[in-house]
Each structure stands twice: as structure tokens, then as C-alpha cells.
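These figures come from a predicted structure and were not determined experimentally. Quick note: numbers below take in every heavy atom, side chains included, and nothing from hydrogens, waters or symmetry partners. Counting starts at 1 for both ligands and their atoms, following the listed order.
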Amino acid sequence: MSDRKELVLDEVRRYHREASVPREFVPGTTEIWPSGAVLEEADRVALVEAALDLRIAAGTSSRKFESAFARRLKRRKAHLTNSGSSANLLAVSALTSHVLGERRLRPGDEVITVAAGFPTTVNPILQNGLVPVFVDVDLRTYNTTADRVAQAIGPKTRAIIIAHALGNPFEVAEIAQLAVDHELFLIEDNCDAVGATYDGRLTGSFGDMATVSFYPAHHLTMGEGGCVLTSDLGLARIVESLRDWGRDCWCEPGENDRCLKRFKYQMGTLPAGYDHKYIFSHVGYNLKATDIQAALGLTQLAKLDDFIEARRRNWRRLREGLDGVPGLLLPEATPRSEPSWFGFAITVTPDARFSRAELGDFLEGRKIGTRRLFAGNLTRHPAYVDQPHRVVGDLTNSDIITEQTFWIGVYPALTDEMIDYMTSSIKEFVAARG
Ligand SMILES: Cc1ncc(COP(=O)(O)O)c(C=O)c1O
């Protein structure tokens, strides 16, 4: 490293220490965010170093992150994207690739998903001309069950895409087995659950593909960013092609002849020897992330285990602190799982002497941030009313979530003092209504 660069980075370290003096927590005044990024000196230095090196497109840091993250999540391949939503779009779109032959999904085929969740878990189904089949979820775990998924399988069902809700695994081993038995693809939306396990095995490692988000609310961040993980090298090639404009070639930018046949292909009706770098075998996108994002991802990844542990600790403290409070249905881990919590969900029960809105307003008034369980019942949103879909069973719990559920934060920057203020505020509110 040049002396001048080292000097600049030393200044960045100094600046970081100046800029990040811990602020005193003042109950009722200091904002307690439900989620947020934890950015430390190493993160700031990595970002500035990537900028100093002018690593503005995807390059060495992106490749390094992809292999480190794939290793961490025990998958053979990870493909970095510009968001978790893009990762979902790529994963579902990959299933429609002609490369899969008879296994490919075709317009009108059905994909099972849950009604209560995040919209961009579901949108790629519709964006690919496929039909979402919605099932309900349980309260407390906020996940669906293998039984519900089994009931939803019909003659046109070809795939399943479900998110591990708020970091809590769904019954992924059983649902993966259903997928095998019925020759369905399974995509795990692991955007909120990095590090969670089911039967001791990492979520994201059961399905054909898994997706992750690196938006600041998530377990590790790149600002914006996401990832598709798979151990199926055929699917990995399709994802890469779709991500990178649809090209057939797999040379990295700046690389020229990795396939050793760059000018020796004949594809489509192109003339023989047409430059492989410019042969397009998919109708693709450009959903790549940059090296500046990946540089941040690498420093964040080094802290992932600590982040996950802090989230678990905060969740437990909230759970113990709120145990037995009347009118609140508290969250529970799915049996046989160890969640990597994203948030702490609370459902106000029908017999409560207060409404969800009243409790939410009270907490917001105390600067304790609350969030809805994303969209609630998606089928009730204007965007989906006229979209083709099927509902199996009823969506009673999804409706309860729409009306009665919210979540509060567990992210690593929350201190014990903040968590205790959150629990004492909720108890105070409930006692005043008792
Ligand atoms: C379950 C789930 N899937 C997908 C996404 C989309 O990720 P991104 O915001 O990176 O597009 C989110 C976002 O929070 C999410 O919670």
C-alpha cells in the first residue's frame, strides 16, 4: 500500500473515532430504531479504500465476497446482486430457463408461497407469468407449515418460494422433502434469516436456491445488495447469465477467454466464431452489485457471528421481559430451529383492552420504532387484487397479522438499557389499561 494511501486511511480511522462518539441513551428522546446497520471503523475504511482504488464496478472484492459468503452459508456458489428483491427475481426467473428443458417453469405454472410476507418474495412469480398459490401462516412463528404446503400442491404446481419469517425458520426440512417427492423446485427467501438453523443445518442450504438481502436492516449490509446462493452449478450458470445481461459467456469483466473458446462458438443463427462475450442465451437483466458494496460486505461478514448472537440475545431479553403480559401473543421459535432473529413480533389478542394501533402509537410516542409484518395479507393490497392467484385454505391468520401484528427491533446496536425501556414501556401501557 502506498504511503499516501495509508495516510488517507489513517485519517479515515481518526475521522471515524471523532464522528462516532457514543451518544447517551435518553429514554423517550433517543430514537430506538427497529433495525439499522452497525457500521464500525473497519467498514468505513473498507469503503474509502475501495473508492481510493476506484473499484467502481463488480471486481475482485465482489468475487472474494461471493466465495467467502458461499463458504459461510455452505453452498457452492453465491452470486452478488444489487438487492434481495433482485436476488428473488433472478432465482425465480432461473426456473423458467430453456436450459432446464422439460423441468423449466412455463407461464401459468403455479408456485406456492405465503400470503403474509414481503412483496418481492411473491412479485417474481407474477413477473414471470406464473401463478402464486397463497397459503396461510401460524401466529407466533409467523411461518406456514408443511401440511399447508402439501394441501396446496396441485397438478400445475412446479415450485415453492417461502421466506423464513423475521429470522425464524419455516419447516424447511419437511417442505424440502415435499419438493423432492413432488418434483418441485424450492427457493428459500433467506433475506431475514442469515445464520438461522433448522435441525442444526443452516437455512438457505435446504432448497435449490436461496436468496439474501444486504439492505441496512438485514443481518449484514452493503447499503443495497443481495445474493443468490445455490449448490446446483447448472442453476448457478443460469442465475449468472440472467444477472449479467443474459450473456452466455462466463468471463469476468476484464477477463477475456476463460472458456478457451471465445471465438470458436456457433450459437443461434450467428456466424461461427462470433465473440462469445456478446452471445446472449437468456433475455437477461443487469442486476450486479459493485466492488464498493462488496468491500463493505467483506468487513460486515467478519462480524456476522457477533451480529447474530446480539440479535438472539436481544430477542431473548425482550421475550423474558414481556413474558406473561396480558393481551399480547409473543413470538416463538419454530420447533427444532435456532432462529437468527430479524425482529420481535407481537400480536395483540382479541381480548386485549387496547388495540394494536393504540399500543403502536404509544411506543412511537416514546421513540420506540415499530414496523408492520411487512405487507400483512398481500392479497388485500391493490397491486394484487386483479392478479391471477389461487388461495388454498383460508387466510385467517394472515388477516389477523394485517390487523393486529407489529414488530419491534432486536438489531445489534440496541443496548440492554434500550431493550429494558422497550419492555417497561409496553408493561406500563398494558398495566394502565388493565
Ligand atoms: C423476506 C424478504 N425478502 C426480500 C426482501 C427484499 O430485499 P431488498 O430490500 O434488498 O430488495 C426483504 C426486504 O426486507 C425481505 O424482508
(message) Can you list everything that forms a ring-ring contact (aromatic ring centres under 6.0 Å, His included) with Phe344? Sequence neighbours excluded, please.
(response) Trp315
(message) For Tyr142, give me all partners under ring-ring contact (aromatic ring centres under 6.0 Å, His included), at least two apart in sequence or on another chain.
(response) none
(request) Determine whether the side chains of Arg372 and Thr405 contain a donor N or O and an acceptor N or O closer than 3.5 Å. (result) no
Are there any N/O pairs under 3.5 Å between ligand 1 and the protein, and if so, what are their distances?
from     : atom 1 : to     : atom 2 : distance (Å)
ligand 1 : 3 (N)  : Asp189 : OD1    : 3.3
ligand 1 : 3 (N)  : Asp189 : OD2    : 2.7
ligand 1 : 7 (O)  : Ser213 : OG     : 3.4
ligand 1 : 10 (O) : Gly84  : N      : 2.8
ligand 1 : 10 (O) : Ser213 : OG     : 2.7
ligand 1 : 11 (O) : Gly84  : N      : 3.4
ligand 1 : 11 (O) : Ser85  : N      : 2.9
ligand 1 : 11 (O) : Ser85  : OG     : 2.5
ligand 1 : 14 (O) : His218 : NE2    : 3.0
ligand 1 : 16 (O) : Asp192 : OD1    : 2.9
ligand 1 : 16 (O) : Asp192 : OD2    : 2.9

(message) Side chains of Asp181 and Gln177: any donor to acceptor distance under 3.5 Å?
(response) yes
Output a table of donor-acceptor pairs, distance under 3.5 Å, between side-chain atoms of residues 103-110 and any protein atom two or more places apart or on a different chain; print 'none' if there are none.
from   : atom 1 : to     : atom 2 : distance (Å)
Arg104 : NE     : Thr96  : O      : 3.2
Arg104 : NH2    : Thr96  : O      : 3.2
Asp109 : OD2    : Arg106 : N      : 2.7
Asp109 : OD2    : Arg158 : NH1    : 3.4
Glu110 : OE1    : Arg390 : NE     : 3.2
Glu110 : OE1    : Arg390 : NH2    : 2.8
Glu110 : OE2    : Arg390 : NE     : 3.0

(request) Find out whether the Lys NZ or Arg CZ of Arg247 is both under 6.0 angstrom from the six-membered ring centre of Tyr278 and within 45° of the ring's axis. (result) no
